[in-house]
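Read through the structure below, which is laid out as structure tokens, and then see the notes.
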Amino acid sequence: MDKSKRYYVTTPIYYVNDVPHIGHAYTTLACDVLARFKRLDGFDVKFLTGTDEHGQKVEKSANDKGVDPQTFTDTVSQNFRDLLGTMNFSADDFIRTTEERHKISVQALWKRLIDAGEIYLGSYSGWYAVRDEAFYGEGELVKDKDGNKVAPSGAPVEWVEEPSYFFKLSAWQDKLLKFYDDNPDFIAPKSRRNEVTSFVSGGLNDLSVSRTTFKWGIPVPGDDAHIMYVWLDALTNYITAVGFPETETGEYATYWPADLHMVGKDILRFHAVYWPAFLMAAGLQPPKRVFAHGWWTNEGQKISKSLGNVIDPIELVSTYGLDQVRYFLLREVPFGNDGDFSRSAMVGRMNSELANDLGNLAQRVLSMVNKNCDGSVPKHGEFNPDDNTMLASAHTMIDGVKKHIDNQSFNDALEVIWLVIRASNAYVDAQAPWKLKKEDPARMETVLYVLVETIRHIALMLQPFMPDTMGKMLDQLAISHEHRSFRFLGSAHALVSGTALPTPEGVFPRFVAEEEKGA
RNA sequence: GGCUGGGUAGCUCAGCUGGUUAGAGCGCGGCACUCAUAAUGCCGAGGUCGGCAGUUCAAGUCUGCCUCCAGCUACCA
């Protein structure tokens with residue numbers, strides 16, 4: 001197996017206590033585009049997502065509902081699985097931490113860490129907030145209005161003193177710093193990398209990795225009183241899904257180390273510090289890269305449940321259309337930055353870029369072809385310098401796109417494609433095929449040929465972002481499903497003159513607000 | 001308090017190792033065209049590149065100080 005031609009990308013596993021929102025959709029969307037892109041580029045891809053189902057909070061939620069935790073998680077995990085269909089995500093595997101394969105995997109990892117002397121039994125005491133699933137130092141606590149000590153988040157805390165296993169994280173400080181140094185692209189974007197290295201440079205404490213205060217989790221092998229700390233459990237999903245503890249054959253041998261863990265910026269530390277430390281301590285390879293993306297605000301406001309302005313992906317898709325939403329989320333903001341979702345920005349992008357620039361380009365060209373070329377791919381004569389410039393920009397587009405995709409710079413990748421789209425519209429106007437129709441029909445056909453061939457390239461390149469719509473556009477060019485990978489880019493696989501084309505139909509309608517309709 | 005990143009046209013942002021008239025998209029104004037989803041193309045307005053000082057033949061681009069914003073981190077009577 002050629003390891004350079006395989007690609008393993010993961011989303012975080014989503015905490016089942018949450019209801020799927022735009023943040024989940026955004027993270028998985030980014031991975032979906034990467035996975036689709038790599039598949040089209042000839043890679044053997046594994047794209048993993050799933051749900052994190054253990055922990056005290058889940059146990060509590062289930063109790064509150066009067067059901068056992070397994071029944072509870074079966075129900076809520078499904079919400080995240082449904083999101084795949086809603087957003088047209090092409091995940092290859094959906095892992096749940098309550099699965100048997102995962103229990104085996106986590107316990108095997110634990111044993112490796114024990115055997116390596118990286119875990120020891122001690123005792124833990126501190127202020128614990130169930131709601132945050134985190135310990136706080138005395139100094140971090142604040143007083144609420146009744147004078148009770150609470151976490152900085154406002155969550156109630158309790159003094160907990162219990163035996164606990166510890167991972168010797170403190171011993172990994174130098175090795176982690178060397179690892180970051182040797183792998184400058186491990187953490188992205190750059191600003192996040194700085195944050196992590198400065199955090200690690202500040203010193204690391206050993207990490208409590210077990211609890212005795214609840215039961216809903218994976219037991220420590222040989223010491224059932226202890227349940228493994230949720231992050232050790234959760235992070236291990238990335239290797240469970242490739243068949244760990246089997247490491248010599250099968251998917252682990254093929255796909256590990258993962259090419260990319262996509263995460264929100266809130267969980268970067270777990271992925272960029274704890275996870276590589278766990279893996280190296282167990283004698284396993286850390287992942288190649290962790291990318292921390294930003295958050296969305298809603299019309300300039302921070303999104304929160306209490307404000308009631310949570311953005312529901314299902315609603316977005318039904319209002320604006322699936323591919324329009326997929327496009328907007330990756331086009332509007334440089335990936336890694338925070339972004340703002342606003343109705344006007346959404347409509348602006350979908351109308352000016354999708355309907356006007358791209359949709360109308362396809363429509364104006366295809367309808368001329370339909371009316372003037374017998375509804376089939378036009379014949380072409382010699383290409384003049386203008387034609388060659390146009391075609392060359394279509395042919396070389398992939399280079400820029402690929403470069404940006406490998407940096408997860410989705411908006412830049414789209415910009416590269418849009419330069420070609422704008423150039424195509426300018427080319428149409430400059431060549432004025434509607435004039436050539438009367439003056440030089442053969443030349444008109446050549447111009448239209450250049451255009452359909454350019455549109456073919458644009459549609460092929462945009463498939464990862466907008467799979468449905470680009471599928472329709474390729475249908476309109478009568479390109480079979482077997483001819484839609486990036487292998488077919490370039491003049492060697494150009495459209496064949498005379499091929500019958502279906503009647504064109506617009507694929508990106510303009511968005512007209514309800515109140516404007518019928519006005 | 002410390003660290004990091006950032007303050008560039010109305011808005012969102014590009015500007016690599018310092019070098020001729022500082023760029024794009026959107027928005028705005030005008031012109032052209034009529035194939036097309038009242039779409040497209042072209043032209044234009046406009047910014048003392050956060051402030052002050054310095055280095056240099058030359059600074060948005062380097063240095064120092066100041067200021068504002070964001071993130072991370074530490075600490076506190």
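Model, not experiment: these values are computed from the prediction. Residue numbering restarts at 1 for every chain, and letters A, B, ... go by the order of the sequence lines.
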What I want to check is whether the side chains of Arg289(A) and Asn183(A) have a donor and an acceptor closer together than 3.5 Å.
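Arg289(A) vs Asn183(A): no donor-acceptor pair found between side chains.
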
Looking only at the side chains, is there a donor atom on one of Thr469(A) and Tyr327(A) sitting less than 3.5 Å from an acceptor on the other?
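The answer is no; no qualifying pair exists.
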
Given the [atom1] atoms of [N] and [M], what is the spacing between them in whole Å?
N      : M      : atom1 : value
U21(B) : G7(B)  : P     : 23 Å
A22(B) : C65(B) : P     : 30 Å
G29(B) : G23(B) : P     : 24 Å

Dot-bracket notation for RNA chain B, counting Watson-Crick and G-U pairs under 3.5 Å, with | for partners on another strand:
(((((((..((((.....[...)))).(((((.......))))).....(((((..]....))))))))))))....

Scan for ring pair (Phe, Tyr, Trp, His ring centres under 6.0 Å) pairs involving residues 439-464 of chain A, sequence neighbours excluded, and state none if there are none.
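As it turns out, the ring pair (Phe, Tyr, Trp, His ring centres under 6.0 Å) pairs with a partner in residues 439-464 of chain A, which skip direct neighbours, are His380(A)-Tyr449(A), His395(A)-His457(A).
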
Letter per nucleotide, 5' to 3', of nucleotides 32-38 of chain B [B base touched, S only sugar-phosphate touched, - untouched; heavy atoms, 4.0 Å]
-SSBBB-

What's touching nucleotides 4-14 of chain B from the protein side, N or O pairs under 3.5 Å?
{"residue": "U4(B)", "atom": "O2'", "partner": "Asn194(A)", "partner atom": "ND2", "Å": "3.0"}

Decide yes or no on side-chain hydrogen bond (donor to acceptor under 3.5 Å, both in side chains) for Arg211(A) and Gln56(A), but give the supporting numbers first.
CA-CA 10 Å; Arg211(A) 294 283 182 276; Gln56(A) 195 167 2; over 6 Å; no

Test ring pair (Phe, Tyr, Trp, His ring centres under 6.0 Å) applied to His293(A) - qualifying residues, sequence neighbours left out
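Checked His293(A) against ring pair (Phe, Tyr, Trp, His ring centres under 6.0 Å); matches are Tyr26(A), Phe335(A).
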
Who pairs with Phe488(A) by ring pair (Phe, Tyr, Trp, His ring centres under 6.0 Å), at least two apart in sequence or on another chain?
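Once residues adjacent in sequence are excluded, the partners of Phe488(A) under the ring pair (Phe, Tyr, Trp, His ring centres under 6.0 Å) criterion are His483(A), His493(A).
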
Assign Asp357(A) to base, sugar-phosphate, or nothing according to its heavy-atom contacts below 4.0 angstrom with the strands shown.
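Here Asp357(A) touches the backbone only, sparing every base.
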
